[in-house]
Number of protein chains: 4
Amino acid sequence: MKTRDRIIMAALELFNERGESNVTTNHIAAHLGISPGNLYYHFRNKEEIIHSIFDEYASDLRIRFQPQAEFDATAESLLQYLDAVFMLMWRYRFFYANLPDILRRDEGLQGKYMAAQENLHQNMMALMESFKQGGLLDLDDKELLSLTNTLKLVASSWICYQTTQAPGAKITKAVIYQGVLQVLSIVRPLTTDKGRERVLQLETHYMDQERQDIA
Amino acid sequence: MKTRDRIIMAALELFNERGESNVTTNHIAAHLGISPGNLYYHFRNKEEIIHSIFDEYASDLRIRFQPQAEFDATAESLLQYLDAVFMLMWRYRFFYANLPDILRRDEGLQGKYMAAQENLHQNMMALMESFKQGGLLDLDDKELLSLTNTLKLVASSWICYQTTQAPGAKITKAVIYQGVLQVLSIVRPLTTDKGRERVLQLETHYMDQERQDIA
Amino acid sequence: MKTRDRIIMAALELFNERGESNVTTNHIAAHLGISPGNLYYHFRNKEEIIHSIFDEYASDLRIRFQPQAEFDATAESLLQYLDAVFMLMWRYRFFYANLPDILRRDEGLQGKYMAAQENLHQNMMALMESFKQGGLLDLDDKELLSLTNTLKLVASSWICYQTTQAPGAKITKAVIYQGVLQVLSIVRPLTTDKGRERVLQLETHYMDQERQDIA
Amino acid sequence: MKTRDRIIMAALELFNERGESNVTTNHIAAHLGISPGNLYYHFRNKEEIIHSIFDEYASDLRIRFQPQAEFDATAESLLQYLDAVFMLMWRYRFFYANLPDILRRDEGLQGKYMAAQENLHQNMMALMESFKQGGLLDLDDKELLSLTNTLKLVASSWICYQTTQAPGAKITKAVIYQGVLQVLSIVRPLTTDKGRERVLQLETHYMDQERQDIA
DNA sequence: CATGAATGAGACTTCATTCAT
DNA sequence: CATGAATGAAGTCTCATTCAT
């Protein structure tokens, strides 16, 4: 792997572990066994590293949530969606934990972030709409918007929130699965009979996963 | 006002404005026009200032959410609850935005925080239960727990989430009212007819407030 | 007791315990339960406190080692001398441990100290001379000077030296008695038969004391 | 010379001149014309600088006092010993002057120091024993132990003691030579005829040296 | 590409001392 | 006599960043 990519990976790993502001560029270099000078050969500054991480994140986000050409709401496909969301949340969790600070001092990133969020919002809305059209959800347009917003908020806050609820505790997969279940519990009251059935399938799946992870 | 209290106020103000880690003890002192030595006369270190702010927060939290002796779910009383929640979120918003970092480096605060959260959870559960008993909510025990958790998460993440959605933008009262409305939208699908009516009253109230604030 | 004297006492106690440079004027005031302002009412600055302690020390030193009008070298009287020396060393031990630093920054104290040392030297020389005249010591004038210097050095360095040999350990009376025995071991090779007998008496006495203290 | 070594040298020089506690890391950096940051690039903190100096000292101490395989008490070899002792005392004199304070706040150094002292004591005892076996000293085992302790104390206290006797005055070589002579005067009463002769030779040597230095 | 020594601004904190009350 | 809030210089240490090699 190229040094540049190794730096991004190491930074992401350390940021997630200790929080962005507690990781110095020297930490990252030392972690990789390279010199600080070398790090600065590949990146003009710390900000640029964060930008690169963000670019990966935004790219992941775009790919995963591309609206499907044809509607497809099999349990299988829903699982993939949910797994993808929380995988993203997990992979870039430092970002969610430090977002206000990071964005405050980097106007360039603010722009990128807003664009990514806007794109995500559109895709999420399209997805929810397709669920509604597919007869899984029973709600009006206003409710659909509210639901989308709630889901976005809950998904993106989940890991950070759990971190604070049990400080020091490692975030395990079980915590992630609980996040999915929490999301499902929000959706359930708004489902049709068909949708509810689908939710139950998913709940069963994630409760099994959770049980396996704890064991 | 006593210098000690002025320091707490200034710190809270600056923390909220710029993020805790971006505010130095020198900033706080300069903001008040006092010497750094004076600040350290009143507080042993920055940590102690944060503890003092937290103590105020925890005290507010405890008082506001004391379970009522008699059940009382008039629109009036619900309004007070909702206002209180979001007032707290707003007053101590830096805390929510920087919680992982703050707790990570202060084990003492972790303990206090966990205790406060536990207390809050009990009170919230009691409140939701009383809504159920009062015929406002229609849900089983598991759903009640899920709802409580969602509400806690949404309420405590709302301001931080909004900050990131529109970075640089000041958080106005309108944003707060939208938070309340978001919370109501989560509750609504689980209400009885009587409960739905109450929710509608509240929605009307906060939509009016929002309109006024924007104007 | 007057506040002024209590300050001197507290300062001496804390200096001995923690070293002069590790004791702040605030420590002293807090230890007495008085305000820093009050301390500075009684003393212009920290230096003045040290001066006052030194004045007590110098006065003690002068009184204890006043040459006796009539020669008197009974074991009883020798005991008093030795006890007095080491009591002084003990009472003002911080002084010996921090002397270079203290004198370096206080020229006024340097003068006082030199005068006290000069006076002590004269008295010690007179004392040793009287031991020689009294037929206790067998040595020429050059040896007498050397012995005097050695004794002064050993006595004044003893406690500080022991502190470093067992850092953290409390200096007990047993350590003091060992110091006396060390001094006696230096004198013994230079005694007459009569003198040696006297030394043996003293050694017996201090070995008993040491044993008692340890038990 | 490497910056790291220059820092150690400068620190040693300044510590000796002004006392360890009166020399800040900024002083050291300024003295070398480097930035404070650079100093902290080479040493994690002031303590580590002191440790490095101590390590050099302990290494010197160990090498110089390694017991000789074959007994060798020519005046030449004795001279080397005495010179070595006082060279050490002189080179690391700040250490002796500030030992109680330095050890008090650095437990790690305490351990190292105790080990070095124990090693020194063993070597000194072996040396004195070899003098006794070589027919230079005439004393019993208890006296030999006392003598060893006295010599260690006098040698290690000499420079500090002299500093206080003439504060402000520079410690010259002459002062060092007087220290050697003082040590010899302690040994002399315990020598055999052969030993006394050797002591006289050494005294003559150091009195010549002293005279030369003063001139 | 890579090294690693070097920079310097600035963070947190301490403490002898002052002064209005 | 006494209080205690206040000062400000200075000390230790950190870290993003630069640059000669």
Side-chain angles (χ1 to χ4, degrees), chain A residues 2-4 6-7 20-30 32-50 105, chain B residues 2-4 6-7 21-30 32-49 105, chain C residues 2-4 6-7 20-30 32-50 105, chain D residues 2-4 6-7 21-30 32-49 105:
Chain A
K2 301 278 188 197
T3 299
R4 197 190 142 83
R6 292 177 57 226
I7 292 170
E20 182 268 337
S21 69
N22 303 309
V23 175
T24 71
T25 50
N26 279 355
H27 279 146
I28 301 170
L32 288 171
I34 67 173
S35 66
N38 194 5
L39 186 148
Y40 274 84
Y41 174 80
H42 292 283
F43 294 91
R44 221 169 345 143
N45 50 38
K46 201 181 174 186
E47 214 167 291
E48 203 175 285
I49 301 177
I50 297 172
R105 58 174 195 253
Chain B
K2 299 278 187 198
T3 298
R4 196 191 143 86
R6 291 177 60 224
I7 292 171
S21 69
N22 304 307
V23 175
T24 73
T25 50
N26 279 357
H27 284 145
I28 301 170
L32 288 171
I34 67 176
S35 66
N38 193 8
L39 184 148
Y40 278 87
Y41 175 77
H42 291 283
F43 294 90
R44 227 179 333 180
N45 49 40
K46 200 182 169 185
E47 212 167 293
E48 202 174 287
I49 300 177
R105 57 170 197 258
Chain C
K2 301 278 187 196
T3 299
R4 196 190 143 86
R6 292 177 59 226
I7 292 170
E20 181 268 336
S21 68
N22 304 308
V23 175
T24 72
T25 49
N26 278 355
H27 281 145
I28 301 170
L32 288 170
I34 68 173
S35 66
N38 194 5
L39 184 148
Y40 275 85
Y41 175 81
H42 291 284
F43 294 91
R44 222 171 340 146
N45 49 39
K46 200 180 173 185
E47 214 168 290
E48 203 175 285
I49 301 178
I50 297 172
R105 59 172 195 254
Chain D
K2 301 278 187 197
T3 299
R4 197 192 141 86
R6 291 176 60 222
I7 292 170
S21 68
N22 304 306
V23 175
T24 73
T25 49
N26 279 357
H27 284 147
I28 300 170
L32 288 171
I34 67 175
S35 66
N38 194 8
L39 185 147
Y40 278 88
Y41 174 76
H42 292 283
F43 294 91
R44 226 178 335 182
N45 49 40
K46 201 182 169 185
E47 212 167 293
E48 202 174 286
I49 301 177
R105 57 170 196 260

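Below, chains carry the letters A, B, ... as their sequence lines are ordered, and counting in each starts from 1.
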Rounded interatomic separation in angstrom, taking OH from Tyr41(B) and P from dC19(E): 17 Å
Which pair of non-hydrogen atoms, one from Val23(A) and one from His27(A), has the smallest distance, and what is that distance? CA-ND1, 3.7 Å
Arg4(C) vs Ile7(C) side-chain heavy atoms within contact, under 4.5 Å: no
Write down the distance between CG (Asn45(B)) and P (dC13(F)), rounded to a whole number of angstrom. 17 Å
With nearest nucleotide decided by heavy atoms, which residue, Lys46(C) or Thr3(D), maps closer to the 5′ end of DNA chain E? Thr3(D)
When rounded to whole Å, the CD1 to C1' distance for the pair Ile7(D) and dA5(E) reads 11 Å
To the nearest 0.5 angstrom, please state how far the CZ atom of Phe43(A) sits from the CD1 atom of Ile28(A). 9.0 Å
Are Ser35(C) and dG4(F) close enough that a side-chain N or O sits under 4.0 Å from OP1 or OP2? no
Take Lys46(C) and Glu20(C) through the salt bridge (charged side-chain N to carboxylate O under 4.0 Å, His left out) test and state the conclusion after the steps. CA-CA 10 Å; Lys46(C) 200 180 173 185; Glu20(C) 181 268 336; 3.3 Å; yes
Could you pull out the closest heavy-atom pair between Tyr40(D) and Asn45(D), with the gap in Å? CE2-CA, 3.7 Å
Separation of dT7(F) atom P from Leu32(B) atom CG, nearest Å, is 11 Å
What does Asn38(A) touch in the nucleic acid at a heavy-atom separation under 4.0 angstrom: a base, only the sugar-phosphate, or nothing? base
Ile49(A) atom CD1 is separated from dC15(F) atom C1', nearest whole Å, by 13 Å
Please list, chain by chain and in numerical order, all residues satisfying salt bridge (Lys or Arg N to Asp or Glu O under 4.0 Å) with Glu48(C), sequence neighbours excluded. Arg44(C)
Between Tyr40(A) and Lys2(C), name the one whose nearest nucleotide on DNA chain F is closer to the 5' end. Lys2(C)
Arg6(B) vs Gly37(D), nearer the 5' end of DNA chain F by closest nucleotide: Arg6(B)
Provide the distance between the two P atoms, one in dT21(F) and one in dC1(E), to the nearest whole Å. 23 Å
Ranking Pro36(B) and Leu39(A) by the position along DNA chain E of their nearest nucleotide, the one closer to 5' is Leu39(A)
To the nearest 0.5 Å, what is the distance between CD on Glu47(A) and CZ on Arg105(A)? 7.5 Å
To the nearest 0.5 Å, what is the distance between CG on Leu32(D) and CG on Leu39(D)? 8.0 Å
In whole angstrom, what separates Asn22(D)'s CG from dA9(F)'s P? 20 Å
Rounded off to whole Å, could you give me the CZ-to-C1' distance for the Phe43(C) and dC1(F) pair? 14 Å
Quick one, which residues of residues 23-30 of chain A touch DNA chain E with a heavy atom under 4.0 Å? none
When rounded to whole Å, the CD1 to P distance for the pair Ile34(D) and dG4(E) reads 19 Å
Output row for DNA chain E, stems defined as at least 3 consecutive Watson-Crick or G-U pairs under 3.5 Å, is E:2-21 with F:2-21
Does a side-chain N or O from His42(A) land closer than 4.0 Å to OP1 or OP2 of dA2(E), or not? yes
